[in-house]
Amino acid sequence: MLAIGSAATLSIENGIGVLTLNFPPVNALSHAVREAIVAGVRQANESAELQAIVLICEGKTFIAGADITEFGKPPRSPNLLEVEEAIEASAKPVVAAIHGTALGGGFEVALCCHYRIAVPSAKCGLPEVHLGLIPGAGGTQRLPRLVGAEMALDMMLTGKHVSAATLQSNGVIDELAQEGELRRDAIDFATRIVREQRPLRKIRDLNERTMAARDNLQMFSAIRKSIEKKARGFLAPEYAIRAVEAAVTRSFEEGMKVERVLFDELMLSEQSAAQRYVFFAERQVWKIPDVPESTPTIAIKKVGILGAGTMGGGIAMNFANVGIPVTIVEAKQDALERGLGVIRKNYESSAKRGRIKVDEVEKRMEMLQGTLSFEALGDCDLIIEAVFENMDVKKEVFAKLDRTAKPDAILATNTSALDINEIASVTQRPQHVIGLHFFSPANVMRLLEVVRAQQTSKPIIATAMQLAKRIGKVAVLVGVCPGFVGNRMLFARQDQAQAMLMEGAMPWDIDKVLYDFGLPMGPFAMADLAGLDLGWRKEASSSSTIREVLCEMDRRGQKSGAGYYDYDDQRNPKPSAITQKIVEDFMSKAGTSKRSISEAEILERCIYPMINEGAKILEEKIAIRPSDIDIVWINGYGWPAYRGGPMYYADKVGLQNIVGKLKAYGTKLGPKFVISPLLEKLAAEGKTFGRMTDDS
Ligand code: 3H9
């Protein structure tokens with residue numbers, strides 16, 4: 001066996017050269033890996049003993065893409081295109097042997113090999129879109145030549161990982177290997193290729209599918225239309241479409257040039273920089289300084305959920321989806337049946353849309369056991385309460401849980417704002433109490449705020465984080481304060497949105513600015529969606545706020561056909577003359593006069609107080625790091641990933657500018673508004689949140 005640089009070895013078996021990359025953690029195409037591939041292919045070609053080459057990887061995966069940490073640094077030769085040229089031009093057939101995931105540049109390298117073999121569990125994908133990029137090493141030109149423009153674009157626009165079986169049926173994977181026997185089967189396959197004198201198959205030369213697509217160019221406008229809503233504001237999806245259009249309408253060489261120009265432009269864009277930041281931020285959240293990876297965890301074999309309402313039901317689905325049995329406890333039979341009925345309907349509609357297999361509906365329902373008996377929670381390892389959001393109710397439930405649950409069970413609350421220390425205080429085991437704040441709809445939203453109370457033990461935190469990963473959530477560990485991270489910042493924004501109503505901005509003026517900024521909706525549309533009557537009681541209502549008046553008029557939001565907005569049958573919102581009149585009446589009662597508020601002011605007064613609150617959250621150590629706050633906002637509130645999250649955005653605007661504006665808005669921000677000392681300090685020292693820990 002021959003060492004090829006620091007990242008690979010070349011060994012010879014039965015006349016086949018096995019070039020094995022070994023570059024943990026994911027065999028990314030760093031400089032060392034690129035060099036090793038070029039050198040390995042050259043040496044194999046020079047050796048008279050060898051007749052074919054197998055490119056295979058050690059560790060958990062085939063090449064997972066270009067090395068993202070190298071982006072933005074000066075380029076070093078050989079670049080990826082040179083690596084691919086070396087493979088494609090090899091006089092001896094090169095076989096990619098794939099396990100784990102071949103992603104981005106890794107998949108593109110595989111597409112330059114003459115043949116591909118994969119184990120059944122392997123997956124391939126082009127996830128560059130999540131980094132604000134398009135495939136930049138020929139993926140946009142080669143894949144359409146193999147699978148057609150439509151499927152190729154589907155992979156590029158979704159970034160999804162496609163199974164080896166599907167790819168085999170589409171001609172991307174030539175052979176499936178036996179699981180666990182990839183090396184043996186790849187050598188075998190290469191030997192057959194040599195024996196049968198198969199040609200050096202180059203995907204770049206296959207033009208049949210792209211030529212055929214020339215008769216169907218309207219496909220591209222249909223694809224553009226289909227992604228309009230999801231891709232709003234993002235550059236990369238449109239660029240991917242343009243690159244594939246070039247694959248269809250131009251020669252391979254010209255298409256490659258188009259891809260390069262588009263890729264380079266995106267690489268230099270602010271969007272990609274932000275999305276690359278998000279990539280690493282999403283991986284940081286799992287790292288908790290005082291809870292190391294070695295912390296022992298508790299096995300969660302059964303989960304109990306208290307409450308079968310919207311939240312409880314949605315939470316239960318997360319566990320059923322991964323095969324963890326769930327006991328759902330309700331107080332009344334009809335509520336229980338209603339809750340289970342909603343879950344079944346959700347699964348059935350997923351099956352109808354092809355998101356899950358039809359037989360999965362029953363399999364998942366079988367994981368859920370509904371009961372009226374509180375005692376049935378006695379054998380659960382984790383119990384999550386999702387009952388009415390009221391401290392007295394929660395305390396009563398926790399005292400009862402403490403008596404019922406087994407001694408080492410985790411007791412979790414799904415409260416979105418209440419003091420978990422107070423809830424924990426009624427139990428004999430506060431170290432086992434934790435917050436698991438799911439976001440609605442709980443079976444869909446990726447975010448989970450894991451709330452650490454004063455006495456929550458480290459194994460309980462480690463277990464919660466591990467479980468979150470298992471159910472596919474992005475978990476962010478936060479501390480106890482009203483609203484935790486996400487809602488606390490949301491409250492700061494709502495304060496200003498309400499204040500601006502009283503100065504003359506209408507709900508739709510404010511919402512439009514935030515929508516145009518890239519958020520899925522503004523505060524008033526969001527309130528209408530959630531229901532204005534959340535926490536409202538008719539008996540206690542005294543027409544003292546705009547919201548109360550709206551509820552008193554049965555304008556309770558989307559569900560009642562009207563709220564801040566008027567809604568048609570399709571729930572499309574329209575500015576409402578009634579709401580406008582209510583707002584104006586409130587203004588005249590308060591003696592305030594209407595002024596024109598610029599879009600810039602609306603944006604700054606909505607976003608900068610959130611950033612200020614984020615800074616206070618860091619000061620109080622409620623969040624571990626600024627990027628954790630960004631992940632909360634991206635995954636829980638739809639903050640556009642291409643703007644990197646509120647704290648990242650703050651750094652781009654400049655903290656001095658933000659503090660300056662907050663000071664200039666002065667009393668308009670309200671008498672209780674206080675600028676965070678941390679924000680002021682960082683601004684005064686010319687620092688950023690991103691480098692806060694390095695510098696301050
Ligand atoms: C591209 O290829 C562009 C080309 O088209 C054109 C170029 C010219 N680079 O996710 P994990 C690190 S763009 C550097 O926790 P998992 C990651 O930060 C690229 N580092 O593991 C983490 O580090 P740490 C297209 C990378 O098992 C560690 O590896 N490719 C890269 O849950 C473990 O990662 C992608 O976008 C990378 N490419 O998931 C694929 N990838 O331990 C991105 C990972 O210090 N990667 N790291 O926190 C993934 O999707 C997942 O990492 C993968 C494994 C599915 C592979």
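Counting starts at 1 for both ligands and their atoms, in listed order. Both backbone and side-chain heavy atoms feed into the values below; hydrogens, waters and symmetry mates do not.
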Return yes when [X] approaches ligand 1 closer than 4.0 angstrom through a heavy atom, no otherwise.
| X | answer |
| --- | --- |
| Gly139 | no |
| His130 | no |
| Trp286 | no |
| Leu131 | yes |

Using distance alone, determine whether Thr101 and ligand 1 share an N or O pair under 3.5 Å.
->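 Between Thr101 and ligand 1, no N or O pair is found under 3.5 Å apart.
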
Side-chain ion pair, Glu175 and Arg116, N-O less than 4.0 Å |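 Salt bridge: no.
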
Does a side-chain N-to-carboxylate-O contact under 4.0 Å join Lys473 and Glu449?
->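 The answer is no: the pair does not qualify as a salt bridge.
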
I need the nearest protein heavy-atom contact for [atom]: residue, atom name and distance, please.
| atom | answer |
| --- | --- |
| atom 50 (O) of ligand 1 | Leu103 CD1, 3.7 Å |
| atom 47 (N) of ligand 1 | Val26 CG2, 3.8 Å |
| atom 23 (O) of ligand 1 | Pro25 CG, 4.7 Å |
| atom 24 (P) of ligand 1 | Lys287 NZ, 3.4 Å |
| atom 49 (C) of ligand 1 | Arg283 NH2, 3.9 Å |

For Asp185, enumerate each residue passing the salt bridge (Lys or Arg N to Asp or Glu O under 4.0 Å) test, keeping only those at least two apart in sequence or located in another chain.
->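 Counting only residues at least two positions away or on another chain, Asp185 forms no salt bridge (Lys or Arg N to Asp or Glu O under 4.0 Å).
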
Not counting sequence neighbours, which residues clear salt bridge (Lys or Arg N to Asp or Glu O under 4.0 Å) with Arg470? List them please.
->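 Scan of Arg470 (salt bridge (Lys or Arg N to Asp or Glu O under 4.0 Å), adjacent residues dropped) gives none.
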
Does Ala442 offer a backbone N or O that forms a donor-acceptor pair with the side chain of Asn318 under 3.5 Å?
->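 Looks like yes, one N/O pair under 3.5 Å.
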
Among side-chain atoms of Arg34 and Asn79, is any donor-acceptor pair under 3.5 angstrom?
->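 There is no such pair between these side chains.
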
Report, in ascending order of atom number, the atoms of ligand 1 lying under 4.0 Å from any heavy atom of Asp67.
->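 Result: 9 (N), 14 (C).
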
Heavy-atom distance from [atom] to the protein below 4.0 Å?
| atom | result |
| --- | --- |
| atom 10 (O) of ligand 1 | yes |
| atom 21 (O) of ligand 1 | yes |
| atom 30 (N) of ligand 1 | yes |

Option of least heavy-atom distance to atom 40 (C) of ligand 1 (set: Gly65, Pro135, Ala64) |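 The residue whose heavy atom sits nearest atom 40 (C) of ligand 1 is Ala64.
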
Please determine if Lys73 forms a cation-pi arrangement with Phe71, meaning its NZ or CZ atom is less than 6.0 Å from the six-membered ring centre and no more than 45° off the ring axis.
->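 Cation-pi check for Lys73 and Phe71: fails.
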
So is Arg691 actually on top of Phe689's ring, under 6.0 Å and inside 45° of the axis?
->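 Ring-cation test returns no.
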
Exercise: identify the closest heavy-atom pair between Cys113 and Val94 =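 In terms of heavy atoms, the two residues are closest at CB-O, 3.5 Å.
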
Between Ala66 and ligand 1, which residue portion shows a heavy-atom distance shorter than 4.0 Å: side chain, backbone, both, or neither?
->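 For Ala66, the contact with ligand 1 is made by both the backbone and the side chain.
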
